[in-house]
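Chain letters run A, B, ... following the sequence lines, proteins first and then strands; every chain starts at 1.
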4 protein chains.
Amino acid sequence: MPLSHPIHDPAVIDPFAAEVEELVRTGADFHRRGWSLGTSSNYSVVVSREPLMLLMTGSGFDKGRLQPGQFLLVDENAAAVGETKLKPSAEALLHTALAKHGAGAVLHTHSVSATVLSEHFLKEGALRISGYEMLKGLSGSTTHESEAVIEIYPNTQDIASLAAVIESRLADATNPLCHGFLMAGHGLYTWGESLAAARRQIEVLEFLFEVMLQRRLLAGA
Amino acid sequence: MPLSHPIHDPAVIDPFAAEVEELVRTGADFHRRGWSLGTSSNYSVVVSREPLMLLMTGSGFDKGRLQPGQFLLVDENAAAVGETKLKPSAEALLHTALAKHGAGAVLHTHSVSATVLSEHFLKEGALRISGYEMLKGLSGSTTHESEAVIEIYPNTQDIASLAAVIESRLADATNPLCHGFLMAGHGLYTWGESLAAARRQIEVLEFLFEVMLQRRLLAGA
Amino acid sequence: MPLSHPIHDPAVIDPFAAEVEELVRTGADFHRRGWSLGTSSNYSVVVSREPLMLLMTGSGFDKGRLQPGQFLLVDENAAAVGETKLKPSAEALLHTALAKHGAGAVLHTHSVSATVLSEHFLKEGALRISGYEMLKGLSGSTTHESEAVIEIYPNTQDIASLAAVIESRLADATNPLCHGFLMAGHGLYTWGESLAAARRQIEVLEFLFEVMLQRRLLAGA
Amino acid sequence: MPLSHPIHDPAVIDPFAAEVEELVRTGADFHRRGWSLGTSSNYSVVVSREPLMLLMTGSGFDKGRLQPGQFLLVDENAAAVGETKLKPSAEALLHTALAKHGAGAVLHTHSVSATVLSEHFLKEGALRISGYEMLKGLSGSTTHESEAVIEIYPNTQDIASLAAVIESRLADATNPLCHGFLMAGHGLYTWGESLAAARRQIEVLEFLFEVMLQRRLLAGA
């Protein structure tokens with residue numbers, strides 16, 4: 001009686017062994033840090049632009065010990081490509097929405113600080129973070145004076161509707177959504193042009209969330 | 001002079017090498033996270049239903065470096081099966097009570113947040129947790145609107161009596177105990193249909209405990 | 001230009017390779033947990049009773065990467081045994097005091113919570129900890145009702161005087177010092193009949209310190 | 001399509017393989033601890049005094065997985081030495097300033113507690129830390145009575161001006177800058193005669209920062 005049930009689709013996934021390896025390593029690190037506990041989170045990397053195809057974690061696996069058989073390919077509609085017994089995550093539509101607007105990799109995580117801050121600041125609609133050098137690590141930032149606005153959306157099970165909102169916010173000509181967004185009581189979505197860039201982005205954001213929490217605790221002491 | 005004293009019962013334990021390996025790995029992870037310090041905690045996996053038999057950690061071993069000789073088999077009465085010099089934990093009766101009601105694996109841990117919250121909320125009799133996406137990771141949960149009620153029992157050394165209470169709560173037709181329970185100032189019991197499922201359950205619960213703690217600190221700041 | 005300077009005394013240390021290996025592993029774990037940062041801490045194991053001899057970490061080494069050449073033997077007066085270029089720690093006298101009263105291993109560490117609590121509760125003279133199941137993990141404890149009294153001493157550079165106080169407290173016929181003691185703003189001393197027992201002791205105490213801290217923060221929120 | 005892009009300059013960097021290996025290991029440890037997330041931080045080691053040359057991390061790399069091709073040599077003016085496609089960090093001038101005044105290694109990190117404390121205490125101009133045994137781990141300290149004064153500078157993008165200020169503070173005959181300094185909302189600079197000494201220094205300072213934070217939270221509870 002095996003304790004885990006890897007399902008292999010060699011013909012479909014094999015060309016992307018390097019990306020799989022990086023995602024496995026990313027999952028192990030995020031699980032260790034407590035950002036992807038309890039089979040939560042999903043990660044994806046764009047492996048083709050025309051047609052759009054994402055290599056993505058299947059739903060419900062332990063992120064601390066991902067196996068090659070736990071990844072699948074999805075198309076621009078978040079439907080599985082090729083033969084697979086895996087189910088794409090319900091949130092795959094958010095990954096494809098972000099990929100259509102240029103993301104090369106999307107990381108969705110559930111950290112304690114993202115959960116707590118997203119609930120606490122939901123009524124303000126965003127976390128506004130300014131004055132930290134670490135902000136320079138966010139893609140598109142150039143000086144430490146900039147303010148990052150991390151929008152917070154109410155949590156929902158209607159992912160299709162949320163994906164439409166996100167797409168329209170990404171396409172906003174004057175003030176597009178950038179860096180990432182929070183779902184209240186749920187977690188963080190962030191992205192980058194590559195998996196390495198998305199990982200840098202999430203590390204910067206989680207650092208800043210922790211700073212916001214600790215700073216408030218210190219100020220209140 | 002060896003610094004540790006492994007006791008091997010190859011004939012009894014050898015058929016369950018895969019389960020032992022997973023439990024060793026689970027212990028190393030939980031010890032690292034601080035959920036199983038100081039030889040606290042005990043873990044079990046059901047290896048036979050008829051007759052009921054659980055593979056279980058012996059009492060008093062360092063969970064960060066479990067060895068095959070530190071596991072034993074217990075029957076439905078929590079008595080050791082086969083030749084062994086190991087003593088079942090006093091709490092083995094809670095493991096068998098849960099196994100009789102369907103659990104395939106039981107994890108008992110001592111984390112800081114479970115200890116602090118179980119003491120703080122004992123007078124309310126339960127932790128009530130709602131509004132978090134992570135709740136979907138609990139077995140039996142289907143939407144993020146659900147509330148998890150994690151009952152808290154006063155700590156006791158009379159495990160037989162507590163096990164009887166737990167069995168009757170599990171058998172409750174209208175509102176059965178589910179997900180896990182806390183013993184005040186002591187720790188968490190949780191379970192799942194498999195070890196992987198129980199591990200997912202504990203990761204979800206520990207995450208939610210941490211969220212409850214941080215949320216209160218932030219609100220009070 | 002080597003970045004570290006191991007000094008080997010094979011003839012003196014070689015018989016204790018197993019103990020050295022366990023101490024190296026202990027140091028790596030404690031350094032990772034933040035209990036032994038910045039070359040702080042010292043650890044010892046009794047390797048002979050008649051005459052009394054302790055294998056001990058030399059002064060000033062990185063506990064995260066101890067090397068065999070960084071250990072020395074000390075006698076009952078805390079003087080180095082055999083040829084060595086290493087200096088015993090100034091606090092070796094505390095190790096020998098504890099060893100004379102039965103300790104088989106002594107662990108001295110500097111954690112954040114031990115430092116903060118020892119400063120905060122110095123005027124009370126002790127941390128009084130009761131009501132936690134984890135207390136059963138302390139050597140000599142039998143039920144979860146017991147109270148552990150962890151005495152706190154003002155920090156001092158006069159280790160010989162403190163060692164004399166500790167010896168007299170250990171010899172106290174009615175209420176001997178047990179489990180461990182804190183030096184205010186400095187850290188924890190604890191011990192056990194073996195290194196494994198001392199490690200269990202420190203894990204239990206550090207867990208309880210963390211519980212005390214978090215419990216007060218939660219109560220004040 | 002490789003996910004990372006190592007650039008090798010064997011002729012320039014190869015003689016310093018041992019130093020590179022230690023810096024790689026240092027980066028992995030600091031990244032794990034959360035002191036160097038999001039490609040933040042930079043580290044250097046002096047590899048020649050006449051002329052002054054520092055082996056230094058290039059700008060923008062993941063510190064958790066540094067590769068030999070991500071290091072470069074800089075001269076006393078913080079300009080790259082030899083053929084390299086790497087850009088020295090904008091802050092290389094701070095490293096060379098410190099190296100000119102005797103540092104053998106410089107570590108710049110971004111931890112949560114350094115960020116929060118540097119912001120909170122900026123108006124006082126320094127963190128004043130006294131009464132902790134751990135202070136003895138700072139280079140130049142001799143007793144636990146001493147006070148460490150960690151100066152805090154407003155954050156700036158004008159590194160050349162800050163470097164001039166730092167050089168003048170290091171050269172101060174009566175009260176020279178020592179141990180390290182903070183940039184508000186940014187992070188810590190510290191140094192030592194060797195990489196091991198600088199690592200000890202940062203571990204001691206980060207420990208003390210954490211103590212300062214927790215102590216205030218406990219006092220306010």
What residues of residues 197-218 of chain A sit under 4.5 Å from chain D when you count only heavy atoms? A/Arg199, A/Arg200, A/Glu203, A/Val204, A/Phe207, A/Glu210, A/Val211, A/Gln214, A/Arg215, A/Leu217, A/Leu218
For A/Asp29, what residues pass the side chain to side chain donor-acceptor pair (under 3.5 Å) criterion, not counting sequence neighbours? A/Arg32, A/Arg33
Contact winner vs chain A - D/Met183, D/Arg65, D/His120, D/Glu119, heavy-atom pairs under 4.5 Å: D/Arg65
Turns out that what part of D/Ser111 lies under 4.5 Å from chain A's heavy atoms comes down to backbone
Side chain / backbone / both / neither for D/His110 at chain A, heavy atoms under 4.5 Å: both
When you compare the side chain of D/Gln157 with that of A/Lys136, does any pair of heavy atoms fall below 4.5 Å? yes
Could you give the distance from OH (A/Tyr132) to OG (D/Ser40), rounded to the nearest 0.5 Å? 15.0 Å
Report, one line per pair, each donor and acceptor closer than 3.5 Å where one atom sits in a side chain of residues 159-168 of chain D; sequence neighbours left out.
from     : atom 1 : to       : atom 2 : distance (Å)
D/Ser161 : OG     : D/Asp158 : OD1    : 3.1
D/Ser161 : OG     : D/Asp158 : OD2    : 2.5
D/Ser168 : OG     : D/Val165 : O      : 3.3

Return the set of residues passing side chain to side chain donor-acceptor pair (under 3.5 Å) with A/Arg25 (not counting sequence neighbours), or none when no residue passes. none
